[in-house]
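Here's the structure, in C-alpha cells; my notes come after.
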Amino acid sequence: MAIEDFDDILPHVGSFGPFQKRILLLSLPVNYFLAVVYMAQIYQTLTPDHWCSVPELNHLEPSERRNLSIPQETRDGELVYSRCRMFDVNYTQEKLQMVLRGGPNSSWSTKPCSTVDGWDYDLSGGMYHTVVSERNWVCEDDWRPNFAQSMFFAGSIVGSLLFGLLADWYGRLPVLVMSNILACGAGVATGFSKGFVDFVIYRFLVGMANDLHYMMMYIIRKYFTFINDAVARYIGR
C-alpha cells in the first residue's frame, strides 16, 4: 500500500496504545481550560435588558421607574420599552406628583439616554453584570462587545501564522509553553482592564494563543506517538 501522508504511517507503527493514552490524559487539563476561555467570552459580553436611568426616580421600584420615564416602541413586532430613549421630562417633586397621578403620556417628547446618568439593567432571572453593563457598552456603543469578539478571532488568525513559524524555528514545545504564558497573562489582565482599548488588546492576545494550543498539542502528540512506536518496533526487532 502506498504511503502518501503521515496518517498512512500510523496503522503500521500503532495508533492508540498506552503511550498515546498517557499523552492524551496529560493534554486534557490544558484543553479543558482552553474550552473555558473559548466559551467564557460569550458570557463576558452578554447584554442584559436595559433602559435609561433617571436618578430623580431612584426612590421608586424599578418597574415604576421604567413605566414613568421610558417610552415604548415596537421591536421585532412586539411593543416593548425603549432601551436608548427616555421621556424629556424634568422630574422635579411637583412634576413627579403630577406624573404619578396621571402616568406617562405618549405624546411627550423623548431624548437619548444620558451618558452621565447611565442605564438601569434588569438582573432578574439569573442575569448578572457583565463587562457590557459595567461599562455601559449599549445603545451608541453596542458595537464594542462585537468588535472585541472579532479581535479575539483576529488574534487567532495572527497567532496561528506567527506561532506556527516560531514553532518551526525554535521547536514546538518551547512555543507551546510561551503561548500558555501569554494566554494566562493576557487572560488575567482582561479582568483588570480599565477601558475599551486595553480590553480589546488583551482579548486579541488571548486569541493569539488560544487556537494554537489545540494545533500544537495535536502536532506534538502525533510526533511523539510516531517516534515512540517507531523506536519500540525497532527495538522489538
Cluster check [X], [Y]: I/L/V/M/F/W/Y, side chain < 4.5 angstrom:
X      : Y      : result
Val138 : Val116 : no
Tyr170 : Leu182 : yes
Leu205 : Val158 : yes
Ile42  : Val206 : yes
Leu123 : Val131 : yes

Counting C-beta onward and ignoring hydrogens, is there a side-chain heavy-atom pair between [X] and [Y] closer than 4.5 Å?
X      : Y      : value
Tyr81  : Asn67  : yes
Pro48  : Thr130 : yes
Ser82  : Ile70  : yes
Val200 : Phe147 : yes
Asp88  : Thr110 : no
Leu166 : Phe163 : yes
Glu73  : Leu79  : no

More than 12 heavy atoms of other groups within 6.0 Å of [X] [atom1]:
X      : atom1 : result
Phe153 : CZ    : yes
Tyr128 : OH    : yes
Glu140 : CD    : no
Glu134 : CD    : yes

Distance from [X] atom [atom1] to [Y] atom [atom2], nearest 0.5 Å?
X      : Y      : atom1 : atom2 : value
Asp120 : Ser133 : CG    : OG    : 11.5 Å
Cys113 : Trp51  : SG    : CH2   : 11.5 Å
Met208 : Leu161 : CE    : CG    : 10.0 Å
His50  : Trp137 : NE2   : CH2   : 14.5 Å
Tyr202 : Ser193 : OH    : OG    : 7.0 Å
Ser53  : Asp117 : OG    : CG    : 6.0 Å

Which atom names give the shortest non-hydrogen contact between [X] and [Y], and what distance separates them?
X      : Y      : result
Asp142 : Asn146 : O-ND2, 4.2 Å
Pro71  : Arg85  : CD-O, 3.5 Å
Ala183 : Ala209 : CB-CB, 3.7 Å
Phe199 : Thr190 : CE1-CG2, 3.6 Å
Phe204 : Met151 : CD1-O, 3.3 Å
Gly195 : Arg135 : O-NH1, 3.2 Å

Requested in this report: Determine, step by step, whether Trp143 and Phe196 satisfy the ring pair (Phe, Tyr, Trp, His ring centres under 6.0 Å) criterion, reporting the C-alpha distance in whole Å, the side-chain angles of both residues, the deciding distance to 0.1 Å, and the verdict.
Outcome: CA-CA 11 Å; Trp143 58 272; Phe196 175 66; 5.3 Å; yes
Query raised in the report: Do Arg66 and Glu64 sit within salt-bridge range, that is, some charged N less than 4.0 Å from a carboxylate O?
Result: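 Answer for the salt bridge query: no.
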Query raised in the report: Would you call Arg83 and Asp49 a salt bridge, using N to O less than 4.0 angstrom?
Result: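 Asp49 and Arg83: salt-bridged.
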Query raised in the report: Stepwise, does the side-chain contact (heavy atoms from CB on, under 4.5 Å) test hold for Cys139 with Trp119?
Result: CA-CA 10 Å; Cys139 296; Trp119 285 258; 3.5 Å; yes
Requested in this report: Go through Met127 and Leu46 one step at a time and tell me if the side-chain contact (heavy atoms from CB on, under 4.5 Å) criterion holds.
Outcome: CA-CA 9 Å; Met127 192 59 197; Leu46 286 177; 3.7 Å; yes
Report task. Assess the side chains of Tyr121 and Asn136: does a donor N or O sit below 3.5 Å from an acceptor N or O? Result ->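 On atom types as modelled, these side chains qualify, holding a pair under 3.5 Å.
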**Report entry** side-chain contact (heavy atoms from CB on, under 4.5 Å) between Arg65 and Val54, worked out
**Finding:** CA-CA 8 Å; Arg65 294 202 303 268; Val54 181; 6.0 Å; no
Requested in this report: Determine, stepwise, if the pair Asp198 / Phe192 fulfils side-chain contact (heavy atoms from CB on, under 4.5 Å).
Outcome: CA-CA 9 Å; Asp198 54 344; Phe192 293 94; over 6 Å; no
Query - Sulfur-sulfur distance Cys52/Cys84 under 2.5 Å - result: no
Report task. Carefully, step by step, assess Gln149 and Thr45 under the rule side-chain hydrogen bond (donor to acceptor under 3.5 Å, both in side chains). Result -> CA-CA 9 Å; Gln149 299 285 53; Thr45 54; 3.2 Å; yes
